[in-house]
Each structure stands twice: as structure tokens, then as C-alpha cells.
Amino acid sequence: MTEHDERRDDTDAAPDYDIAAIAAKWQPVWDEMKPFATDDPADKRPRKYILDMFPYPSGELHMGHAEAFAFGDIVARYWRQRGFNVLHPIGWDSFGLPAENAAIERGINPATWTYENIDEQKLNFRRYGVSFDWSRVLHTSDPEYYKWNQWLFLKLYEKGLAYRKESWVNWDPVDQTVLANEQVLPDGTSERSGAVVVKKQLTQWYFKITEYADRLLDDLNQLEGSWPAKVLSMQRNWIGRSTGADVDFRVEGSDRTITVFTTRPDTLYGVTFMVVAPDSELAAELAAGSTPEVQAAFADYLVQAQKNTEIERQDATRSKTGIPLERWAINPANGERIPIWTADYVLADYGHGAVMAVPAHDQRDLDFARAFGLPVRVVVDTTAPVTGALQVITEEMLAEGPPDPVSTGEALTGDGRMINSGPINGLSKSNAISKIIEQLEAAGTGRAAKTYRLRDWLISRQRFWGTPIPIIHGADGELVPVPLDQLPVVLPDTEGLDLKPKGKSPLAAASDWMTVADPRDGSPAQRDADTMDTFVDSSWYFLRFLSPNDDLEAFSVSEAEKWAPVDQYVGGVEHAILHLLYARFITKVLFDLGYVSFTEPFSALLNQGMVLSEGKKMSKRSRKGTTFTAEVDKHGADALRLTLAFAGPPEDNINWEDVSPAASAKFLARAFRIASDVASAPEVEWKTGDVALRRLTHRFLADGPALAESLKFNVLVARIMDLVNATRKVIDSGAGPADAAVREAAEVITIALSLFAPYTAEEMWSRLGYQPTVALAGWRKADPTLLIEDSIVAVVQVDGKVRDRLEVSPKISSDELEKLARASAGVIRAIGDREIVNVIVRAPRIVNIATRAS
RNA sequence: GCCCCGGUAGCCCAAUUGGCAGAGGCAGACGACUUAAAAUCGUCCGAGUCAGGGUUCGAGUCCCUGCCGGGGCACCA
């Protein structure tokens with residue numbers, strides 16, 4: 001005690017709680033024990049796979065990492081306490097441009113920069129106390145990893161899902177590489193460099209993700225409730241399926257037919273002109289067959305249209321432009337001859353690059369028709385009733401009619417009944433749609449069709465630091481897959497290689513590397529100089545973690561059977577489309593190839609919010625913001641983790657100004673002191689036991705799992721605080737530290753705290769007399785007898801207002817409770833001379849007496 | 001323009017899913033300890049749930065309208 005008294009003079013808050021010393025003490029113990037290893041085949045525990053999106057090696061961890069990995073670790077540690085064998089691996093998404101740009105700047109190898117950064121992050125993670133299985137680390141830039149990336153590419157190629165085509169592509173003029181559609185922001189800039197993306201016509205490699213569009217869309221339904229609604233909605237929007245019909249229009253004076261996609265085939269009788277995209281082959285062809293004047297005008301218009309940036313083009317308020325092509329199409333429904341125009345409001349790469357214009361019922365077509373004085377014909381009476389049985393259309397109804405779109409400027413897009421439409425007159429919209437499709441199909445001039453916003457995934461990149469595409473270009477122009485036994489195609493040494501972006505892959509300049517024997521006959525051939533989009537790397541990495549050192553296959557099918565899919569995935573919403581869509585696609589491909597037995601890779605998804613400072617994302621560069629290292633130095637990893645977990649619901653943003661790591665450290669010291677106090681009173685008084693504290697402890701044990709499993713970490717922490725406060729009270733002014741209930745509470749607190757503050761909890765566990773590690777102590781089972789209250793307070797309301805409280809048995813009958821309620825003083829006073837009209841009894845909780853003036 | 005979230009004490013957040021508005025924290029006040037301060041400990045203070053209407057015995061919770069904030073989509077035929 002003397003030592004203790006001496007320490008009281010110390011300025012430190014809690015004499016024994018020195019988080020730096022505690023962290024230094026336990027980290028080596030855990031390194032030795034490897035409590036989070038998952039490679040024991042004899043382990044019979046049920047399994048969970050908990051994964052955070054693996055980081056890009058950007059050096060020191062930032063607050064966003066701290067938050068996401070805290071959440072993932074809480075979930076992993078929770079399931080371990082529940083007796084599960086938890087796979088919680090870490091790796092690095094280590095190919096990509098920042099390494100390459102840094103290498104160019106400093107004249108070093110991108111690998112040097114990359115692996116130095118990885119080492120730094122590894123140290124950060126260890127310090128942060130994240131419970132990774134360190135034996136499964138992978139880096140996508142290791143040949144041992146990207147070999148299997150190449151294998152995956154070849155599997156897709158074999159299946160016809162990887163192909164080359166020439167097309168207009170997104171070109172990032174800053175990074176000097178092409179980009180996939182998903183990597184271009186809605187404002188037409190690159191999500192990486194921020195540069196305005198331009199269009200270029202190039203031959204590139206694509207993955208045929210569109211072949212999976214329906215499954216990618218429909219399977220989202222399975223994820224309803226387990227994925228954030230926002231992500232589901234973004235993916236649905238991105239895939240953008242619309243259903244309708246393809247209709248073939250014959251071109252007058254030609255064998256050609258123009259097929260258009262429409263969601264409104266019911267309005268086919270209202271088509272008054274047709275519009276083709278200026279940058280489509282079709283437009284060029286139609287113009288070429290027209291007069292010289294039209295040809296000249298078309299050439300001008302095309303140049304003008306292509307000058308418009310994406311931003312200008314998307315401006316819906318921009319007035320319509322276009323020119324007539326002096327060509328004519330024949331409406332297959334009524335044989336009408338309609339003019340063909342070209343206009344840039346029609347997109348070449350959506351549908352068939354041409355639309356049938358129905359100005360009366362489509363706003364864009366109406367705007368165009370009004371601008372150029374084209375005819376407008378109403379074919380749907382949107383004022384006619386559409387519900388109930390089919391009605392005869394009366395004279396009055398026709399006389400009334402819908403408002404004229406030409407004068408109002410408003411297209412009639414609603415439902416209604418068909419008019420001016422020959423055989424489909426009188427039908428409702430949906431009936432007309434099916435009827436017209438039926439007729440078109442019978443006539444062979446149209447068919448039901450679906451179209452998507454989703455485009456195939458462009459995976460070629462003209463940069464160095466990525467996976468080489470395992471294809472050889474034969475002297476005859478044939479594409480020859482690199483034989484499997486020659487994988488990996490390893491990147492060349494950067495020695496003497498200029499990595500500066502110059503519009504084509506730096507690999508093309510590595511002539512020794514580029515020249516290779518054609519696998520067919522040994523004749524000289526060339527490698528493919530491009531590398532793969534790094535999103536290919538991350539589209540399957542969660543499977544590689546299952547057998548990360550396997551040099552015979554990409555991943556073990558039997559291990560995948562045991563562990564996958566991922567039970568809880570954690571990561572930022574910035575990948576709502578990109579990574580998550582690609583990973584879902586590749587998973588479905590692997591399913592079709594028979595490598596996995598599931599079709600969705602991530603059963604549950606948590607998008608953590610951002611950590612903001614002064615309203616802006618906290619970055620290493622922000623002036624006022626603190627850093628990961630500064631916070632861990634100052635308050636310890638535990639306090640930082642606890643702060644982020646306690647700040648609010650995990651999906652909400654955190655304002656750094658609203659939280660206090662100092663307060664978290666204070667709480668941890670307070671919790672720690674309970675363990676110290678209990679340890680200082682080793683003679684447990686088993687006969688006593690504060691029943692109220694035991695009730696609270698077991699209520700906590702009963703409620704905790706649901707809170708953890710619904711990811712309400714903030715509430716779970718609050719409940720631990722509650723239990724700590726109650727225990728403190730019993731120690732100071734109740735039964736004292738030797739009480740059995742206090743010891744029990746201290747142990748439960750320690751185990752619960754281990755999810756959030758592993759270092760502090762380990763030291764507490766040790767003081768309580770246990771061997772490490774508390775991480776495997778196991779969540780205690782709640783004693784059901786302690787969950788039943790002896791008596792509870794029933795509330796008695798009169799007209800919804802609380803008028804009395806009664807202490808009753810939880811097993812009280814409704815009749816008896818009502819009797820007590822009616823007799824209670826508060827009720828009698830409140831009722832006075834009013835008349836009781838109704839009594840609602842919900843035993844044992846509440847009685848509500850409804851009255852009225854008598 | 002369309003769609004989706006959210007709005008509860010000065011601040012961050014809870015509320016058994018329709019049953020007493022408060023679990024927890026921050027800030028604040030007071031007290032104990034101290035020569036004093038800090039730290040620590042203890043006690044206390046605090047909204048009737050954005051506004052209006054509806055359903056109900058009973059609404060923070062369900063429905064409608066509006067306001068405010070955040071997000072997604074948008075010339076996609």
C-alpha cells in the first residue's frame with residue numbers, strides 16, 4: 001500500500017495505467033502466441049471470414065484506415081469471443097499509379113517505393129493492435145500473386161469473356177492511359193487524376209461484364225438488408241437495365257434497316273421522325289448516301305458535336321441541335337415515310353445509337369420537334385382512365401382530349417389509352433406494349449428487348465506498374481495466349497526503362513522483354529505491352545487469402561468451400577460501384593467455371609463513414625487535422641479505436657471536433673482501475689454478491705451479442721461504460737472490491753473491452769489472474785435466472801398521460817393489474833368524475849385508461 | 001426533375017421496433033482531495049423529439065404535406 005500511496009502524488013491520472021508500457025508488454029506476447037492464426041486443419045470451431053478492403057500502400061495509415069480497420073477488428077474479435085475460428089487477413093493492393101509516379105519523380109523502381117510503404121503500414125497496423133492472421137499476407141505486385149491474375153485473364157479469354165476491340169475509349173491525358181467507364185466521374189473527369197477525360201479511338205482489351213448484367217442486377221436482391229441500400233441503388237442505377245423493344249425501320253432506297261431500341265413501343269404510331277447519333281457509323285453511312293450539301297453539313301456537325309465536353313453534352317437545359325440527313329425511313333407499323341435526322345442528344349453507345357422520335361410522348365423528342373418544326377402526333381390519351389375494365393371511349397372524352405404538347409411544351413409521358421393507333425386503339429399502355437411487340441414479332445420487324453447502361457469493362461492500361469497481359473501477338477497478327485506453364489509473365493527490370501507516360505505503355509520500349517518466341521512455332525513474336533487495370537487484381541483477392549502461398553492454383557477450392565464467401569466486408573462507399581461490381585462479376589465467372597459454389601462474394605457489407613475535420617476528409621496533408629501516429633502516440637491505440645467506435649453509428653461520418661480520444665483514454669483508465677482494485681483484493685467473498693450488479697452484468701451479457709451483430713458498436717461501448725460505472729459504485733460505496741459480483745463484472749468488462757481496447761483488456765485480464773490472451777477468453781453466457789426481475793414498475797396512464805406507477809410482479813395477470821390500476825390513488829385523482837370508456841392492459845408493463853366527460 | 005437516407009438536451013448520440021423520451025459521452029455547475037492548480041473522485045443541471053395534419057387507448061417510432069441537411073441518378077430512348 002505504501003507504494004500505492006506514493007504514486008498518489010503522481011500527476012498521472014491512473015498510477016498504473018501506462019498505455020505505452022502496456023502495449024510494449026503485450027505485443028511481443030501476441031507475436032509469440034499467434035492467437036489469430038487460422039491454419040490449423042484440426043480446428044473444429046465454426047468459421048467466420050471478416051475482411052476489410054485491403055489498402056493501397058500509401059505510407060502512414062490515416063484516420064479513414066483507423067476507422068475502417070477498427071470496425072473490422074471489432075467484428076473479428078467479437079466472433080472469436082463467440083467461439084468462432086475467424087479468418088481476418090491483411091494484404092496490399094500494391095500495383096498502381098502513385099508508385100509509378102513516385103518512381104518517375106525520384107528515378108527509382110516503383111517496387112522500392114511500394115514495399116517501403118507496405119513496411120510502414122505493417123508497423124502501423126501492428127501498433128494499432130489489429131488481430132490479423134499475419135501468415136496470410138499478400139501483395140498484388142508480387143509475381144506469386146499476379147501470376148494468378150494472368151491465369152484469371154486467360155480463363156476469361158478461353159471463355160470468350162476477354163476480347164479486344166477498337167472503340168472510342170476514355171483517355172486520361174494526365175495519367176496518359178485509358179480508363180474504364182466506372183473510373184470516369186459523372187462530370188467527365190478521371191476519378192484518379194481529376195483530368196478531363198477525352199475520347200480516343202483505340203484497340204483495347206475488355207472483359208465482357210455486360211454478359212452478366214442481368215445476374216449482377218437481379219442478385220442484388222439477395223443482398224437487400226445486408227448491404228447498404230445506397231450501394232444497392234447505385235449498382236442498380238449503374239447497370240441501368242431498361243426493357244422495351246427493338247424495332248426495325250427500313251431505309252428508303254436502300255437494303256439497310258435501322259434498328260432502334262425503345263421503352264415505349266406502344267407509341268409506334270406516334271413516330272414522326274427518327275434521330276441517329278452523329279458519331280455513329282450509321283450516321284456516317286446515311287450521310288454518305290445523301291446529297292453533297294448534306295455530306296458537308298454533316299461533317300461540320302460531327303466536328304462540332306465532338307468538340308462538346310461531356311459536361312456540356314449532359315446539360316439537359318442546352319437547346320437541341322441537329323441536322324436533317326435527307327434520308328427517309330419506313331415505319332413498320334403503318335408504312336409511313338419519316339425523315340431521318342442526326343442530333344447529339346442521341347448517344348452512339350447506348351441502345352443502337354438511333355431512336356424513333358415520338359415527340360408527343362417524350363420530352364427530348366418534343367424539344368427537338370419544337371426547335372425544328374417537326375410534326376407531333378398524340379397517340380396516348382393521358383386523360384383517359386386506365387384502371388378498371390376497358391371502357392368505351394366516348395365522344396366527350398375524345399373531345400376533351402389531353403393538352404396539346406406543342407403548345408404546352410410538355411410531353412405526355414403518363415399512362416392512358418391509345419388513340420390514332422390503328423389496331424391498338426383503346427388499349428392501356430401496358431396492354432399496348434405487349435400487343436405491339438406481339439405484332440412486330442409476327443411480322444419479323446421487331447422483338448422484345450432489354451438494354452443496359454453498363455458497358456464492357458475496359459481493362460488495358462498504358463502504364464508500367466501493373467500485371468502484364470499474358471497474350472502474345474504473332475507475326476501473323478494472331479493473338480496467342482501465353483501457355484499456363486510459362487506464367488507468370490514477369491515485369492521487366494526498370495533499369496534503363498523510361499517510365500514517363502507518353503501515350504503508350506513503357507513496356508513497349510523494353511525490346512528484349514517484348515520479343516518472345518511464338519508458342520505455336522517458336523517464330524519471333526511480340527508481347528502485349530499493356531498492363532491490366534488494378535481493379536482486376538482486387539476483384540478476387542479475397543479468395544487468394546484462403547491459400548495465399550499456393551503455387552499450384554489461384555486459390556484452394558476446398559478452402560473456399562470452408563471459408564467463403566466473406567461474412568462481413570468493411571470498406572468505403574467510394575467503391576460502391578467500381579471494386580464491388582467487378583468483384584461480384586468475377587465471382588460469378590468463377591462460379592460458372594466451377595471454382596466456387598457461391599455467386600456473391602460479400603454476404604454483408606459495412607460502409608464506414610468518413611472522418612472529417614472542419615467538414616473536410618481528414619488527410620495527412622490537412623493543416624489542423626491530427627494524424628494516426630500523433631493520436632496513437634498521445635493516447636494509445638486503444639483510445640483511438642474506442643473513440644472511433646464510440647463516436648456514433650459506424651456508417652455515419654465522424655467530425656473530429658465532436659470526439660475526444662482523451663476522454664476515451666480516461667474511460668479506459670477508469671475501467672482499468674476496476675481490474676486493479678479487484679486484483680488488490682484477492683480474497684473473493686464468494687458468499688456475498690451484489691445481486692443488482694449481477695443482474696446488470698448478465699443483462700449486458702444477454703444484450704451484447706445483438707448489438708455487436710447489428711454493428712451498433714457505439715451502443716455496445718455505452719453499455720460497457722454503464723457497467724463500469726455501476727461496478728465502481730459497488731466497489732466504493734457498496735460491497736467493495738472483494739465482492740464476487742464485482743469480480744464477475746470486472747471479468748465481463750475485460751472480455752467486452754477486448755473487442756475495442758485489446759492492450760488495456762489484456763493487462764486487465766492478467767491482473768485478474770488469467771493467462772493471455774483475453775482475446776480467446778470467450779463471451780460468458782448470461783444466467784437466465786438473473787434476467788428475470790422480481791418486480792417491475794407498471795405505468796398507469798389516463799388518456800395517455802402517466803398518472804401513477806405500481807410495483808408489481810412480472811407475472812401479474814391482466815385482470816389483477818387492471819384492478820390495481822383502477823384503485824390507484826393517482827388514477828382516481830386523474831379520473832375525477834369522468835367516465836371510463838376503455839381500459840387497455842398490457843401486463844405487466846402498462847395500463848391506459850381512456851375516459852370522456854360524463 | 002426523379003429516387004434514397006436523416007432531423008431527439010448547448011454538442012455527439014440511445015430509446016426493447018407503437019407502450020414511462022435518456023443508456024453512454026462531451027461541455028457546464030457544485031462539492032471532495034490539494035497551500036493552489038491540474039488530474040482524479042462524487043453530486044447535479046439539462047430536450048417533449050424540425051413544423052403542421054392524420055391513424056391509434058397510446059406516436060420520437062406508422063401515414064400525408066411542408067421546411068432544413070446529406071447522398072445517389074439524370075438528354076440512357
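Here is how names work: the chains are called A, B, and so on, in the same order as the sequence lines, proteins then strands, and each is numbered from 1.
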message: Parallel, tilted or perpendicular: which one describes the rings of Phe713(A) and Phe756(A), with boundaries at 30° and 60°?
response: perpendicular
field: Syn/anti label of G48(B) as read from its glycosidic torsion, with the cut at 90° from 0
entry: syn
query: U61(B): syn or anti, with syn meaning chi within 90° of zero?
result: anti
If you look at every strand shown and take non-hydrogen atoms under 4.0 Å, does [X] touch a base, only sugar-phosphate, or nothing?
{"X": "Val346(A)", "answer": "base"}
{"X": "Asn848(A)", "answer": "base"}
{"X": "Ala663(A)", "answer": "sugar-phosphate"}

Using the [atom1] atom in both, what is the distance from [N] to [M], to the nearest Å?
{"N": "C5(B)", "M": "C44(B)", "atom1": "C1'", "value": "38 Å"}
{"N": "G25(B)", "M": "G69(B)", "atom1": "C1'", "value": "24 Å"}
{"N": "C11(B)", "M": "U16(B)", "atom1": "C1'", "value": "27 Å"}

[X] side-chain proximity, nearest of [options]:
{"X": "Arg728(A)", "options": "C75(B), A23(B), G42(B)", "result": "G42(B)"}
{"X": "Ser233(A)", "options": "C76(B), G72(B), G19(B)", "result": "G72(B)"}
{"X": "Asp658(A)", "options": "C11(B), G58(B), C13(B)", "result": "C11(B)"}
{"X": "Arg364(A)", "options": "C75(B), G19(B), A23(B)", "result": "C75(B)"}

query: In terms of side-chain geometry, is the basic nitrogen of Asp279(A) or Lys199(A) positioned less than 4.0 Å from the acidic oxygen of its partner?
result: no
Compare side-chain N and O positions of [X] against OP1 and OP2 of [N] and report whether any pair is under 4.0 Å apart.
{"X": "Arg670(A)", "N": "A39(B)", "value": "no"}
{"X": "Asn725(A)", "N": "G25(B)", "value": "yes"}
{"X": "Asn653(A)", "N": "G70(B)", "value": "no"}
{"X": "Ser660(A)", "N": "G25(B)", "value": "no"}
{"X": "Lys666(A)", "N": "C26(B)", "value": "yes"}
{"X": "Lys712(A)", "N": "A15(B)", "value": "yes"}

- request: Ignoring hydrogens and angles, answer whether the base of G19(B) and the side-chain atoms of Arg845(A) contain a donor-acceptor pair closer than 3.5 Å.
  value: no
task: Mark yes or no for a side-chain to base donor-acceptor pair under 3.5 Å between Asn838(A) and C57(B), with no hydrogen or angle criteria applied.
output: no
Contact nearer the 5' end of RNA chain B, comparing Val659(A) with Met721(A): Val659(A)
Short side-chain to backbone donor-acceptor contact, [X] and [Y], under 3.5 Å:
{"X": "Asp246(A)", "Y": "Arg447(A)", "value": "no"}
{"X": "Asn170(A)", "Y": "Val197(A)", "value": "no"}
{"X": "His635(A)", "Y": "Leu640(A)", "value": "no"}
{"X": "Thr210(A)", "Y": "Ala213(A)", "value": "no"}

Rounded distance (Å) that lies between atom [atom2] of [N] and atom [atom1] of [X]:
{"X": "Arg842(A)", "N": "U17(B)", "atom1": "CZ", "atom2": "P", "answer": "14 Å"}
{"X": "Phe672(A)", "N": "C41(B)", "atom1": "CZ", "atom2": "C1'", "answer": "18 Å"}
{"X": "Phe667(A)", "N": "C41(B)", "atom1": "CZ", "atom2": "P", "answer": "12 Å"}
{"X": "Leu612(A)", "N": "G70(B)", "atom1": "CG", "atom2": "C1'", "answer": "11 Å"}
{"X": "Arg453(A)", "N": "C2(B)", "atom1": "CZ", "atom2": "P", "answer": "19 Å"}

